[in-house]
J.: 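So that we are looking at the same thing, I have put the structure below in structure tokens.
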Amino acid sequence: MSFPRKTHWTKDVTPELDGKEVVLAGWVWDIRDLGNIKFILLRDREGIIQLTIKKGVTPESVLSLTQSLGREDAIVVRGGIVKASKIARAGGVEVFPSEVYVVSKSKALPIDIWGGSVETDLDTRLKYRSVDLKRPINSLIFRVESEVVRAIREALYNRGFIEVFTPKIIVTSTEGGAELFAVQYFERVAYLAQSPQLYKEELTASLERVFEIAPPAYRAEKHNTNYHLNEFISVDIEEAFANYVDVMDILEDVIINVYDRVNKVFSNELAKYGVEIKVPKKPFRRVTYDEALDILGRRGGLKINWGDDVPKNGLEILSEEFGEPFFIIHFPTDLRAFYTKPPLDSDPKISESFDLVMGGLEIASGSSRIHVKEQLIEALRKRGA
RNA sequence: GCCCCGGUGGUAUAGCCCGGUCUAGUAUGGCGGCCUGUCGAGCCGCAGACCCGGGUUCAAAUCCCGGCCGGGGGGCCA
């Protein structure tokens with residue numbers, strides 16, 4: 001079957017186009033049939049618009065065709081735009097179809113995607129994931145994710161970084177810590193990369209500033225929380241001729257650009273779900289590890305031994321204290337990866353390192369790297385490598 | 001792996017403690033009908049379910065045992 005090419009997203013059909021003709025395409029979200037007048041809500045990726053079918057106005061062929069339409073049928077519609085003050089939905093615009101093409105009929109859906117009184121269990125939703133993704137909130141999540149990644153790239157390209165892609169099937173651990181997934185690599189065993197870290201460091205020796213949005217990184221840990229995954233998208237950057245303070249500065253730009261872009265593009269849609277974006281301001285607060293422990297001990301009633309990592313509830317207390325995103329800097333050297341550079345102020349127990357914390361979560365970490373070969377070898381020896 | 005909780009139409013649930021009144025209730029979705037301005041549309045009608053196996057009992061959705069599946073907590077981990 002042939003049908004005309006889609007000319008507009010539903011969100012682009014605005015009252016200014018009153019009297020114009022458009023071709024829309026999408027899925028039947030809902031039908032309200034009042035007999036001689038019928039309203040079809042058409043959904044595409046960008047939103048929902050109302051099609052109005054009216055006896056005496058709509059052509060007979062369209063009238064009879066729309067009799068048999070059902071929810072989630074895929075259709076293409078040619079029609080005229082009419083500015084309508086009475087309708088609350090779809091920006092006060094309705095479309096009177098002159099032609100309707102049914103691309104594909106839908107069966108009854110196995111789950112509720114309309115967000116009424118029935119909330120489907122996650123497990124059932126995942127079973128019918130392609131249907132579940134029709135829910136507007138899910139489509140929004142994917143579109144925001146895409147914008148976030150675009151904003152990260154934008155900020156980093158502006159800072160002179162280039163994007164690289166490192167191997168994901170590797171022979172051994174690149175960073176230590178988390179367990180690796182083993183995979184059969186022909187006649188031998190290989191592992192899925194947990195981090196692009198060491199590749200990144202090698203790349204700076206020629207390309208200076210690189211980043212990778214790893215698709216994805218793998219950690220073989222049997223954790224079962226909503227903030228730990230076995231497979232996740234990581235953003236890694238590495239810069240030559242720079243230290244941890246320079247990197248925090250870049251990170252601030254990246255974070256602010258992400259919030260700013262998402263706010264500009266999605267503030268209206270997010271408001272429907274009660275989400276309001278606050279764009280953080282530079283510079284982010286920087287507290288030292290020692291200060292953080294002190295604050296937690298005095299105001300949070302949380303005692304942490306020097307040398308231990310700040311636990312999750314500690315980060316939550318500090319987030320409450322500071323509100324905005326903040327850095328914890330100068331972690332104990334032994335707490336960080338072997339390539340992290342000590343000493344700070346000639347104290348080898350303290351490193352040039354930072355964590356970025358937002359909303360009680362550690363969302364990024366970084367450090368100056370050791371650039372003297374002998375020190376690197378020494379650091380590896382200390383860890384028993 | 002450990003502790004706790006649960007599995008009833010497509011979906012989400014009530015009923016289970018205290019077995020019979022369950023011919024299993026409700027909402028939503030589906031199907032059919034009515035309505036020329038709906039927007040969580042409304043109204044009328046129809047179809048649709050007790051996870052599997054065993055046991056107790058005159059009688060099991062309901063009680064007991066086993067299995068399978070799912071949820072929550074905590075542990076490890078970023």
Side-chain angles (χ1 to χ4, degrees), chain A residues 28-43 47-58 63 66-73 82 84-96 105-128 131-132 134-136 173-181 194-195 197 214 216-236 272 309-315 328 331 335-337 353-358 360-366:
Chain A
V28 175
W29 177 248
D30 197 9
I31 300 170
R32 280 189 273 277
D33 187 349
L34 279 67
N36 285 321
I37 188 165
K38 187 200 305 245
F39 305 101
I40 296 170
L41 299 181
L42 176 70
R43 182 192 85 253
I48 293 172
I49 195 165
Q50 175 166 293
L51 311 175
T52 304
I53 313 289
K54 209 169 184 175
K55 197 166 190 181
V57 178
T58 304
L63 225 45
T66 53
Q67 275 317 315
S68 60
L69 275 186
R71 282 177 160 183
E72 287 311 306
D73 288 349
V82 174
S85 56
K86 275 196 285 188
I87 58 173
R89 217 146 172 175
V93 178
E94 58 188 333
V95 171
F96 281 77
K105 293 289 291 178
S106 171
K107 291 199 293 185
L109 264 42
I111 57 172
D112 189 319
I113 62 168
W114 299 278
S117 55
V118 178
E119 201 60 43
T120 308
D121 294 341
L122 179 63
D123 192 53
T124 312
R125 285 173 42 198
L126 293 176
K127 183 176 173 185
Y128 302 105
V131 176
D132 184 52
K134 290 169 175 285
R135 303 190 324 147
S173 172
T174 49
E175 204 180 346
E179 292 293 314
L180 299 172
F181 280 111
Q194 57 164 199
S195 159
Q197 184 58 38
Y218 302 92
R219 305 272 164 100
E221 301 287 347
K222 288 183 179 175
H223 35 56
N224 185 217
T225 73
N226 55 9
Y227 55 96
H228 287 136
L229 297 168
N230 295 302
E231 171 181 329
F232 63 97
I233 309 294
S234 75
V235 177
D236 266 272
K272 290 178 197 162
D309 211 345
V310 182
K312 183 162 164 29
N313 62 332
L315 298 179
I328 301 175
F331 281 86
L335 219 45
R336 309 299 284 215
S353 56
F354 66 85
D355 277 5
L356 176 65
V357 181
M358 295 185 78
L361 283 177
E362 174 202 325
I363 68 161
S365 63

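The sequence lines fix the lettering, A, B, ..., with proteins before strands; numbering per chain opens at 1. Just so we're clear, the structure is a prediction, and the values are computed from it rather than from any experiment.
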J.: To the nearest Å, how far apart are A/Gln50 CD and B/U38 C1'?
T.: 7 Å
J.: Going by the rule salt bridge (Lys or Arg N to Asp or Glu O under 4.0 Å), which residues pair with A/Glu362 if we only count those two or more places apart in sequence or in a different chain?
T.: none
J.: Tell me: CG of A/Leu126 to P of B/G70, nearest whole Å?
T.: 12 Å
J.: Say we look at B/A47 and B/U36: how far apart would their P atoms be, to the nearest angstrom?
T.: 29 Å
J.: Not counting sequence neighbours, which residues clear salt bridge (Lys or Arg N to Asp or Glu O under 4.0 Å) with A/Lys105? List them please.
T.: A/Asp73
J.: Return the set of residues passing side chain to side chain donor-acceptor pair (under 3.5 Å) with A/Thr52 (not counting sequence neighbours), or none when no residue passes.
T.: A/Glu94
J.: Among residues at least two apart in sequence or on other chains, which ones pass side chain to side chain contact (heavy atoms under 4.5 Å, CB included) with A/Asp112?
T.: A/Trp114, A/Val118, A/Thr120
J.: Stem list for RNA chain B, please, built from Watson-Crick and G-U wobble pairs under 3.5 Å and keeping only runs of at least 3.
T.: B:2-7 with B:68-73, B:10-13 with B:25-28, B:30-34 with B:42-46, B:51-55 with B:63-67
J.: Residues two or more places apart in sequence or in another chain: which of them pass side chain to side chain donor-acceptor pair (under 3.5 Å) with A/Asn36?
T.: none
J.: Check every strand shown and say whether A/Ser365 touches a base, only sugar-phosphate, or nothing at a heavy-atom separation below 4.0 Å.
T.: nothing
J.: Which of the following nucleotides, B/A41, B/G37, B/U11, is nearest to the side chain of A/Arg32?
T.: B/A41
J.: List for me each residue that meets side chain to side chain contact (heavy atoms under 4.5 Å, CB included) alongside A/Leu335, sequence neighbours excluded, and say none if there are none.
T.: A/Tyr289, A/Asp309, A/Phe331, A/Pro332
J.: Can you check each nucleotide of nucleotides 30-36 of chain B against protein heavy atoms at under 4.0 Å and return B for base, S for sugar-phosphate only, - for none, in 5' to 3' order?
T.: S----BB
J.: Pick the nucleotide of RNA chain B nearest each of A/Glu119 and A/Asp112; which residue has the one closer to the 5' end?
T.: A/Glu119
J.: List in chain and number order the residues that pass side chain to side chain contact (heavy atoms under 4.5 Å, CB included) with A/Asp121, two or more places apart in sequence or in another chain; answer none if no residue qualifies.
T.: A/Thr124
J.: State which of B/G37, B/U11, B/A41 makes the closest approach to the side chain of A/Thr124.
T.: B/U11
